[in-house]
Amino acid sequence: MELGLVGLGKMGGNMRERIRRAGHTVHGYDRNPDLADVHSLRELVGKLSGPRVVWVMVPAGGPTQSTIDELAGLLEPGDVVVDGGNSRWTDDEKHAGELAAKGIGFVDCGVSGGVWGLENGYALMYGGDEDDVAKVQPIFDALKPEGDFGSVHAGKVGAGHFAKMVHNGIEYAMMQAYAEGWELLEKVDSVTDVREVFRSWQQGTVIRSWLLDLAVDALDEDEHLDGLRGYAQDSGEGRWTVEAAIDHAVPLPAITASLFARFASRQEDSPQMKMIAALRNQFGGHAVEKK
């Protein structure tokens, strides 16, 4: 099938390549002309046959809103817009309503996989009406990992981004636990090779995971993370997870504490945050701050 893809950064560019490898046609637009196949949203829409599917991979908030506003004036009834960025689920409901007024469908899709998704596939969580999801399904199938899992129609509009938000909240807590354990091991005199302790956990333990593998990769690059500043940014989804927990009276002590720990990293050079920063760089290509 044909797809219009808006936003060709670290995620979007690799997604374009994976979809093409599956035999689909992708017309990509980006503000950077060196990355783009077409040079305007109007040109992108004109390249597609109906019913059109346009996948948006731009930052949440204003950039997503302005992109959807422009597409609403270019697309036709029966077309579908997919928001694959990290939008808040409440924005999905607003966007779906705005597009529905013009007969255009809307699907929200949480995407996980970072810089490794091109080869390993992307975990996908999407929300929307069955008919709209069906129009996008060949693209979901191209992006997901091989096998029976890694892709889910989570529910109605907003469900995909809500599921991805909770996923990211859990990710915060898991990274924080590894970071705290690493700092404690580094602190004591009796443990002389913390990196190899972490490596030993990769087989046969109940805490083995891909995040643990990435922690070992980071320690192989910089054994004591001396080259990193103990500062870790938050994407916003951790905050939204905690806010949703408050709204629904669901206790999230581990996730909430991990979010607050990132705030603490901005006040001092936290050793734990060196590991958090290193892990975010390993799995998502997120920028780190050097000393």
>> Between Gln233 and Glu289, is the side chain to side chain donor-acceptor pair (under 3.5 Å) condition met? List the steps.
In response: CA-CA 10 Å; Gln233 189 56 267; Glu289 294 197 11; over 6 Å; no
Between [atom1] on residue [X] and [atom2] on residue [Y], distance to nearest 0.5 Å:
X	Y	atom1	atom2	answer
Met165	Thr241	CE	OG1	4.0 Å
Glu93	Asp108	CD	CG	9.0 Å
Asp92	Lys156	CG	NZ	12.5 Å
Ile19	Glu2	CD1	CD	13.0 Å

Does any non-hydrogen side-chain atom of [Y] lie less than 4.5 Å from one of [X]?
X	Y	result
Arg280	Met175	yes
Asp217	Leu214	yes
Gln203	Arg208	no
Lys94	Glu98	yes
Val136	Trp55	yes
Arg16	Leu3	no
Arg239	Phe263	yes
Trp201	Ile207	yes

> With sequence neighbours left out, what residues match Glu180 under salt bridge (Lys or Arg N to Asp or Glu O under 4.0 Å)?
Replying inline: none
>> Between Asp220 and Arg199 (salt bridge meaning N to carboxylate O under 4.0 Å), is one present in this structure?
In response: yes
> Would you call Lys187 and Glu183 a salt bridge, taking side-chain N to carboxylate O under 4.0 Å as the test?
Replying inline: no
> Between Trp182 and Leu185, does a side chain to side chain contact (heavy atoms under 4.5 Å, CB included) hold up when you go through it step by step?
Replying inline: CA-CA 5 Å; Trp182 173 77; Leu185 287 166; 5.7 Å; no
Same cluster (ILVMFWY, side-chain, under 4.5 Å), [X] and [Y]:
X	Y	result
Val80	Ile139	yes
Val53	Leu99	no
Val188	Val197	yes
Met174	Leu225	yes
Met57	Val133	yes

>> Under the criterion side chain to side chain contact (heavy atoms under 4.5 Å, CB included), I'd like the reasoning laid out for Met1 against Lys135: C-alpha separation, chi angles, the key distance, then a yes or no.
In response: CA-CA 10 Å; Met1 66 173 283; Lys135 293 175 184 177; over 6 Å; no
> Would Lys10 and Asn14 satisfy side chain to side chain donor-acceptor pair (under 3.5 Å), going step by step from the backbone distance to the final call?
Replying inline: CA-CA 7 Å; Lys10 287 182 293 188; Asn14 282 345; over 6 Å; no
> Looking at Tyr122, is Arg18 sitting on its ring face, NZ or CZ under 6.0 Å from the six-membered ring centre and within 45 degrees of the normal?
Replying inline: no
>> I'd like to know if the side chain of Asp79 reaches the main chain of Pro51, judged simply by a donor and an acceptor atom lying under 3.5 Å from each other, with no hydrogens or angles considered.
In response: no
>> Using a 3.5 Å distance criterion without hydrogens, assess whether the side chain of Asn32 forms a donor-acceptor pair with backbone atoms of Asp34.
In response: yes
> Between Tyr178 and Ser209, does a side chain to side chain donor-acceptor pair (under 3.5 Å) hold up when you go through it step by step?
Replying inline: CA-CA 11 Å; Tyr178 285 127; Ser209 73; 2.8 Å; yes
> Would Lys274 and Glu186 count as a salt bridge (Lys or Arg N to Asp or Glu O under 4.0 Å) if you check the C-alpha gap in whole Å, the side-chain angles of each, and the deciding distance to 0.1 Å?
Replying inline: CA-CA 13 Å; Lys274 292 184 179 182; Glu186 285 275 333; over 6 Å; no
> Parallel, tilted or perpendicular: which fits the ring planes of Tyr126 and Phe140, with parallel below 30° and perpendicular above 60°?
Replying inline: parallel
>> Does the plane of the ring in Phe106 sit parallel, tilted or perpendicular to the ring in His95? Use 30° and 60° as the thresholds.
In response: perpendicular
>> Would Leu44 and Lys47 count as a side chain to side chain contact (heavy atoms under 4.5 Å, CB included) here? Give the steps.
In response: CA-CA 5 Å; Leu44 180 143; Lys47 292 278 188 180; 5.8 Å; no
> Counting only heavy atoms not in Arg20, do more than 12 fall under 6.0 Å of its CZ?
Replying inline: yes
>> Between His167 and Glu237, is the side chain to side chain contact (heavy atoms under 4.5 Å, CB included) condition met? List the steps.
In response: CA-CA 9 Å; His167 165 281; Glu237 290 187 283; over 6 Å; no
> Do Ser87 and Asp91 pass the side chain to side chain donor-acceptor pair (under 3.5 Å) test, and can you show the C-alpha distance, the side-chain angles, and the key distance before you say yes or no?
Replying inline: CA-CA 7 Å; Ser87 294; Asp91 289 343; 5.3 Å; no
